[in-house]
Asker: 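Questions regarding the structure given below will be posed in turn.
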Amino acid sequence: MAVRIVIGAQWGDEGKGKVVDLLSADSDYVVRYQGGANAGHTLKFDDTTIVLHLIPSGMFNGNSKCVIGNGVVIDPIALVEELEEVEALGVDLKNRLFISSSAHLILPYHKVLDNVKEKSRGSDAIGTTGRGIGPAYVSKVSRIGIRLIDLMDRERLEEKIRKNLNDINIALENVYNEDPINAEKMIEDLEASVETIKPYICNTTELLHKALQNNEAILLEGAQGSLLDVDHGTYPYVTSSSPTAGGACTGSGIPPLAITNAMGITKAYCTRVGNGPFPTELNDESGEKLRKNGQEFGATTGRPRRCGWLDLVALNYAIRLNGMNELTLTKLDVLDDFETIKVCTHYELNGEKTDVFPADCDELDDVIPVYKTFTGWNTSTRNISTYENLPEKARVYIRFIEEFTGVPFKIVSTGPKRSETIVR
Ligand code: IMP
């Protein structure tokens, strides 16, 4: 049975939620493996639109069991809000949702730290989502994190929170000139969400190992994208986890040799939210048109996304990093009314042509993209659900990308709805 990872091939927001929703109909398990409520996975079906931040996007199609893995950082208050939202749509979460006891919590002090640190960075700010992601992973790695298992023992939980707050309050007051956080109030606020979450907490690694033994189909859902990976992305303008394939293993407990497929999701163009280098960014009418056609505003923060042409140097890098053996192309319809469409095939750096994605952000800032230009198809592709019915010029565009990368598109998405999908 397939154990497939769905990974963003760009800077996030590639439309992974829709793809996971589609593929989950054939999956026994859908597993989120990293990130937190910084992600916003938008799902559209029937007359419903829902944005999931923590719960896997497999919750609404079929009966797959949904797992929030150990690699995710969980804001309990955001999680409870989301559980209520999903239940209000008639979904019974009991025996469908399983949350790792080893996952770490995002507590209010992480969010405060995220925001004060961003403020103190001034013009070097990363442009985080402000959801406390970086500081929560810092707590985890510095071994002072609080895990979901700690919610089971009230005394231990309170002791850990007080201890952490002692240090954090010293920093808040003396380094950042901020008010200290009151431990008692924080513990009290946490109480209600703890009781709601407790029934879902379990050893998800064990659960997934049993699923592997039983030869069940598993879909691993990445958040953000390869170029935001803390090791392989555009550091320091990255998130603090590993959206790439390796992160799927550490964030779920599934061993690398169990993975059968790595599917990369790429838009037909590029977007990025937050700061950092973006070689093909368009600060002109075409960029504005991509933003308008594609409704490119952050699902979590509402920020306008930066837009640009598809970057095949970056895509090939993501393919190699993750061992992607299949691709999905999303938002093809956004290009429907462009007279010409460009894709970046190479960079020029210091007068030399290169197809290497630089590891150094300053170099990436300096590259000049070299483009191949295509004639637009100038007709709507919305609702088209068979490959043959796509306009020939759109097929030329798709074929070029497949040949350039050497990886086939298994799915092409022509609109936000489930029906607006070509599965090949
Ligand atoms: P953080 O993950 O909130 O720390 O933000 C770090 C960087 O990742 C910022 O540039 C964010 O805009 C970006 N980022 C985080 N989550 C997402 C996402 O789900 N989609 C796109 N960008 C994201």
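Residues take their numbers from the sequence shown, with the count starting at 1. As the structure lists them, so they are numbered: ligands from 1, and atoms in each ligand from 1.
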Asker: Pull out every atom of ligand 1 sitting under 4.0 Å from any heavy atom of Trp11, numbered as shown with elements.
Answerer: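 So the atoms of ligand 1 that pass are 21 (C), 22 (N).
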Asker: Is there any ring-ring contact (aromatic ring centres under 6.0 Å, His included) pair reaching into residues 403-424, and which pairs are they, with sequence neighbours excluded?
Answerer: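 For residues 403-424: Phe400-Phe404.
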Asker: Could Glu403 and Arg399 be called an ion pair, given the rule that one side-chain N must be under 4.0 Å from one carboxylate O?
Answerer: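 Salt bridge flag = no for Arg399 with Glu403.
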Asker: Please list all pairs passing the side chain to side chain donor-acceptor pair (under 3.5 Å) test where one or both residues lie in residues 65-89, with sequence neighbours left out.
Answerer: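 For residues 65-89: Asp75-Lys111.
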Asker: Of the side chain and backbone of Tyr237, name the one, both, or neither that has a heavy atom under 4.0 Å from an atom of ligand 1.
Answerer: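 Neither part.
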Asker: Please check this pair: side chain of Lys140 against backbone of Pro135, looking for a donor-acceptor N/O pair closer than 3.5 Å.
Answerer: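 Side chain of Lys140 to backbone of Pro135: no pair is present.
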Asker: Provide the number and element of each atom of ligand 1 under 4.0 Å from a heavy atom of Asp13.
Answerer: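 Per the distance check, 20 (N), 21 (C).
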Asker: Taking all heavy atoms of Ala37 and all of Ala78, pick out the closest pair and write down the distance.
Answerer: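 Nearest heavy atoms, Ala37 then Ala78: CB-CB, 4.4 Å.
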Asker: May I ask you to identify the nearest protein heavy atom to atom 5 (O) of ligand 1, giving residue, atom name and distance to one decimal place in Å?
Answerer: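 Among all protein heavy atoms, the one nearest atom 5 (O) of ligand 1 is Thr128 CA, 3.3 Å.
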Asker: Answer side chain, backbone, both or neither: which part of Arg303 comes under 4.0 Å from ligand 1, heavy atoms only.
Answerer: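 Answer for Arg303: side chain.
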Asker: Compute the shortest N/O to N/O distance between Ser240 and ligand 1 and return yes if it is under 3.5 Å, no if not.
Answerer: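 Among all N and O atoms of Ser240, none is under 3.5 Å from an N or O of ligand 1.
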Asker: Counting only heavy atoms, which portion of Leu228 has something under 4.0 Å from ligand 1: side chain, backbone, both, or neither?
Answerer: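 The side chain, only.
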Asker: Would you please indicate if the ring centroids of Phe374 and Trp309 are separated by under 6.0 Å?
Answerer: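 No - the distance between ring centres of Phe374 and Trp309 does not fall below the 6.0 Å cut-off.
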Asker: With atoms numbered from 1 as shown, which atoms in ligand 1 lie under 4.0 angstrom from a non-hydrogen atom of Gly127?
Answerer: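 Matching atoms, with element in brackets: 9 (C), 10 (O), 11 (C), 12 (O).
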Asker: Below 4.0 angstrom, N of the basic side chain to O of the carboxylate: do Glu14 and Lys267 qualify?
Answerer: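 No, this pair does not count.
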Asker: Any ion pair linking Glu402 and Arg424 (charged N to carboxylate O, less than 4.0 Å)?
Answerer: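 Salt bridge: yes.
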Asker: Counting non-hydrogen protein atoms only, what is the nearest one to atom 6 (C) of ligand 1? Give residue, atom name and distance.
Answerer: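 Answer, as residue, atom name and distance: Val238 O, 3.3 Å.
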Asker: Check each atom of ligand 1 against the heavy atoms of Gly274 and keep those under 4.0 Å away; list them by number with element.
Answerer: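 With Gly274 as reference, the close atoms of ligand 1 come out as 10 (O), 12 (O).
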Asker: Taking 4.0 angstrom as the limit and counting only heavy atoms of Val273, give me the atoms of ligand 1 inside it, by number and element.
Answerer: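 Result: 10 (O), 12 (O), 21 (C), 22 (N).
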Asker: Less than 3.5 Å apart, any donor N or O on the side chain of Asp114 or Thr128 sitting next to an acceptor on the other?
Answerer: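 Side chains of Asp114 and Thr128: pair found under 3.5 Å.
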Asker: Could you find the nearest protein heavy atom to atom 2 (O) of ligand 1 and give me its residue, atom name and distance?
Answerer: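 Answer, as residue, atom name and distance: Thr239 OG1, 2.6 Å.
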Asker: Tell me whether Gln224 has any N or O atom under 3.5 angstrom from an N or O of ligand 1.
Answerer: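 Right, the criterion is met.
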Asker: For atom 3 (O) of ligand 1, which protein heavy atom lies nearest, and how many Å away is it?
Answerer: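 Going by distance alone, atom 3 (O) of ligand 1 is nearest to Thr129 OG1, 2.6 Å.
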